[in-house]
Amino acid sequence: MFALTFLGTSASVPSAERNHPALLVEAAGRRILVDCGEGTQRQLLRSGVGFRRLDRILLTHGHLDHVLGIPGLFSTLGLRQTSEMMAIHGGQGTLDIVIRMLAGLWGAGRAPIPVEFVPLTEGVVVDADEFTINCFPVRHRDTDSFGFAFQSPARRHLRPDRLAALGVPDGPLRGELAEGRPVVIADGRTIDPEDVLGPPSGGRKLVVIGDTETTEGLSGPVAGADVLVIEATFLDRDAATARDYGHLTAAEAASFAAANNVRQLVLVHLSGRYQDEEILSEAARIFPSSRIAADFDRIVI
């Protein structure tokens, strides 16, 4: 299960309703921040999720609206005397921006909390038992940009009807079968896991893409996602401007979701030049399972 809390959903200029980009993803007791726009620390408080167990930040790219909240967050965590290591993952160019920003405030190699900088290369970012995070390159205005795919594995569960029919008693033997190991029951019969396990089920896939000028080359990591979070900074009538600034239109995001068997499309990085209804209408005409994220929305996958 993945739980998403949208902390900031605006494009480059925040509004009274939308903060700069930030998304909190919770999975298996872990809490991961994707981007950290200015004011993210206050958004964490206003949303009610707070700062506990927050020890990793994934940065889509180094534009300031996606990283300016890091110094404020670190200052607050330092005042709270947190001793947890904060890992910041980003392209090397993105990390260089953050390192220089922190050095300008606290001196080279110093910060209010312990920090580890982890350069991204395409592939696995986190490999936990309950889920994995992979990153993949994204094209946006000559930055070293990345998207992130969170995935929990499909699991096979014991079938109570088969266990009863084969006479497998409650207890440790069922645990062994659930782990994929054959067992011998009291009457001497060997029960194979294939005799009592159902088909794989329960796997979940979340894909988060920040700013991007194109969806070309992104089908592989996105295909079959339960939820795709992606920008929709412009409407189709302003497609030429979208190209100039390296962003997508709502129609392009929706067409991409439809072409890649996405279950739900969530649009973020929204410009104040449009009404929400206009953005949603353009996307939903192409992909009905579209929604616009507002600050403090929560989605559970």
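Starting from 1, each residue takes its place in the sequence as its number.
Ionic pairing of E84 and R53 is not present here: no N-O contact between side-chain nitrogen and carboxylate oxygen is shorter than 4.0 angstrom. Salt bridge R139/D211: absent, no basic N to carboxylate O contact under 4.0 Å. Salt bridge status for R237 with E278: present, with a side-chain N to carboxylate O gap under 4.0 Å. A salt bridge does not link R31 with D55: none of the charged nitrogens is closer than 4.0 Å to a carboxylate oxygen. Between E252 and R243 there is a salt bridge, since at least one side-chain N of the basic residue sits less than 4.0 Å from a carboxylate O of the acidic one. Between K205 and D226, none of the side-chain N atoms (NZ, or NE/NH1/NH2) sits under 4.0 Å from a carboxylate O, so this pair counts as no salt bridge. A salt bridge links E26 with R298: the closest approach of a Lys/Arg side-chain nitrogen to an acidic carboxylate oxygen falls below 4.0 angstrom. A salt bridge is absent between E179 and R174: the closest approach of a Lys/Arg side-chain nitrogen to an acidic carboxylate oxygen does not fall below 4.0 angstrom.
What you find for I185 and G167 is that their closest heavy atoms are CD1-O, 4.1 Å. The two residues E130 and R155 make their nearest non-hydrogen contact at CA-NH2, 4.1 Å.
Side chain of E231 to main chain of L267: no donor-acceptor pair is present (N/O by atom type, distance under 3.5 Å, no hydrogens or angles).
The aromatic rings of Y274 and F234 lie perpendicular to each other, with more than 60° between the two planes, well past the 30° mark. The aromatic rings of H61 and H66 lie tilted to each other, with the angle between the two planes from 30° to 60°.
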- Query: Hey, mind stepping through H63 and H20 against ring pair (Phe, Tyr, Trp, His ring centres under 6.0 Å) and telling me if it holds?
  - Reply: CA-CA 11 Å; H63 284 163; H20 273 151; over 10 Å; no

- Task: Could you check F150 against N134 for side-chain contact (heavy atoms from CB on, under 4.5 Å), going step by step and ending with a plain yes or no?
- Result: CA-CA 7 Å; F150 297 72; N134 282 264; over 6 Å; no

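Within 6.0 Å of CG in D142 there are 12 or fewer heavy atoms belonging to other residues, nucleotides or ligands. R181 CZ: more than 12 foreign heavy atoms inside a 6.0 Å radius.
We find the CE-CD1 distance between M86 and I70 to be 9.0 Å, quoted to the nearest 0.5 Å. T60 contributes atom OG1, which lies 9.5 Å from atom CG of L58 (distance to the nearest 0.5 angstrom).
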